[in-house]
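Beneath this line is the structure, given in structure tokens, with notes to follow.
In this text the structure is predicted, and so the values were computed from the model without any measurement. Just follow the structure's listing: the first ligand is 1, and inside any ligand the first atom is 1. Sequential numbering from 1 along the given sequence is applied to the chain's residues.
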Amino acid sequence: GCRYDRRRPVYRVQGRIFIQKNSCPKEPEILRGVLFRPDDILIVTYPKSGTVWMQEIVPLILSQGDPVVVDTVPNWDRVPWLEARAYIQNLDQRPSPRVFITHFQYNMMPTGFLKVKPRVIYVMRNPRDVFTSYLHFSRMASYLVSPGTQTEFLNKFLDGKVIFGSWFDHVKGWLSATEQHIMYISYEEMILDLEASVTRMAQFLDTPLDSEMIRKITDRCVFKNMKKNKMSNYSLMPSTMMDQNVSEFLRKGIAGDWKNHLTAAEAENFDEFYRKQMKDVKYTFVWD
Ligand code: A3P
């Protein structure tokens, strides 16, 4: 099952803070008492849906393309996880607009968040690719439960017996949050047209960017360039935590890699489960 270990919600590596990912926070008491500000920006993702990508893009939008922050501050410090809140220094002293990231499901968000309604960018990814990325990630990250065989991990994934629970619940929950101030975007849209995606995000964040700035940001954030940024590619993590010889964190960076991994039977099983789970969802996903 999937239980939140309150004693160890996060851990430290060389003074850096990481979420204790081997847990599934159901009652995130850790968020109680967070004083949200109306101009906070919250990036929300299900794991493996483009988290670190957003930790690159949003700071570059806010700095209007100035790369100093992404070149000098590790992704987990420049856009900290709300889950690691207790360990983030000077959370309340950070200048506005503060940018956070979280994997929490919508129904885990505290009342302060529901009242203040800070801006949210919710990023979704084809769950078949999320699964594929998650499988590789679970093999290389020593602090995660070992995934077992691909089929075993597929069953766990569809059952929501992975950290942060079911992809289906996560996406349906955040899509239902219509009273919040949310921009929805998908990993696939970002792959198809990163310039247009950056433009849309900049508009949502009320940060005017000219076309030169947008080109500059896009160029920094394409997979092959971002992969070289040691402040974003997790090479600062010791290999005892993430063994990038097993699988790199910035692994493939494409849409549709699931086709190279799922067997025909697994894909069919996935489709059937997906159809049942998503039948009442009105949102049109790029991958459908
Ligand atoms: P793959 O394993 O499919 O390559 P998260 O940051 O949420 O854990 O997600 C990681 C996934 O996002 C990985 O997917 C990673 O390669 C991909 N990713 C990270 N940065 C990217 C970028 N600049 N362009 C495309 N994909 C990126």
Side chains of Glu266 and Thr151: any donor to acceptor distance under 3.5 Å? yes
Aromatic ring pairing Phe285/Tyr283, orientation class (parallel under 30°, perpendicular over 60°, tilted between): tilted
Angle class for the His181/Phe204 ring planes (parallel below 30°, perpendicular above 60°, tilted otherwise)? tilted
Test your reading of the structure: does Leu250 have an N or O sitting under 3.5 Å from an N or O of ligand 1? no
Side chain or backbone, does Tyr187 bring an N or O within less than 3.5 Å of an N or O on ligand 1? yes
Quick one: does Lys48 get a heavy atom under 4.0 Å from ligand 1? yes
Closer than 4.0 Å to some heavy atom of Phe223 - which atoms of ligand 1 meet that? 16 (O), 21 (C), 22 (C), 23 (N), 24 (N), 25 (C), 26 (N), 27 (C)
Ligand 1 versus Phe137, non-hydrogen atoms closer than 4.0 Å: side chain, backbone, both, neither? neither
Could you tell me whether Gly253 and ligand 1 have an N or O pair separated by under 3.5 Å? yes
Do any nitrogen or oxygen atoms of Ser49 lie less than 3.5 angstrom from nitrogen or oxygen atoms of ligand 1? yes
Walk me through it: do Glu195 and Thr218 pass the test side-chain hydrogen bond (donor to acceptor under 3.5 Å, both in side chains)? CA-CA 6 Å; Glu195 262 187 45; Thr218 305; 4.8 Å; no
Atoms of ligand 1 close to Thr51 [distance to a heavy atom under 4.0 angstrom, numbered from 1]: 5 (P), 6 (O), 7 (O)
Would you call the rings of Tyr234 and Trp76 parallel, tilted or perpendicular, taking 30° and 60° as the class edges? tilted
Run the side-chain hydrogen bond (donor to acceptor under 3.5 Å, both in side chains) test on Asp257 and Asn260 for me, step by step, so that the C-alpha distance in whole Å, both residues' side-chain angles and the decisive distance to 0.1 Å come before the verdict. CA-CA 5 Å; Asp257 189 42; Asn260 301 318; 2.8 Å; yes
Testing the 3.5 Å rule here: is there a donor-acceptor pair between the side chains of Glu56 and Asn75? no
Quick one: does Gly50 get an N or O within less than 3.5 Å of an N or O on ligand 1? yes
Check: Ser96/Arg37 side-chain N/O donor and acceptor closer than 3.5 Å: yes
How are the rings of Tyr122 and His170 set to each other: parallel, tilted or perpendicular (split at 30° and 60°)? parallel
Using non-hydrogen atoms of the residue, decide whether Thr45 is closer than 4.0 angstrom to ligand 1. no
With heavy atoms under 4.0 Å as the rule, classify the contact between Arg125 and ligand 1 as side chain, backbone, both or neither. side chain
Close-contact set for ligand 1 against Val52 heavy atoms, below 4.0 Å: 6 (O), 19 (C)
Met226 neighbourhood, listing ligand 1 atoms whose heavy-atom distance to it stays under 4.0 Å: 20 (N), 23 (N)
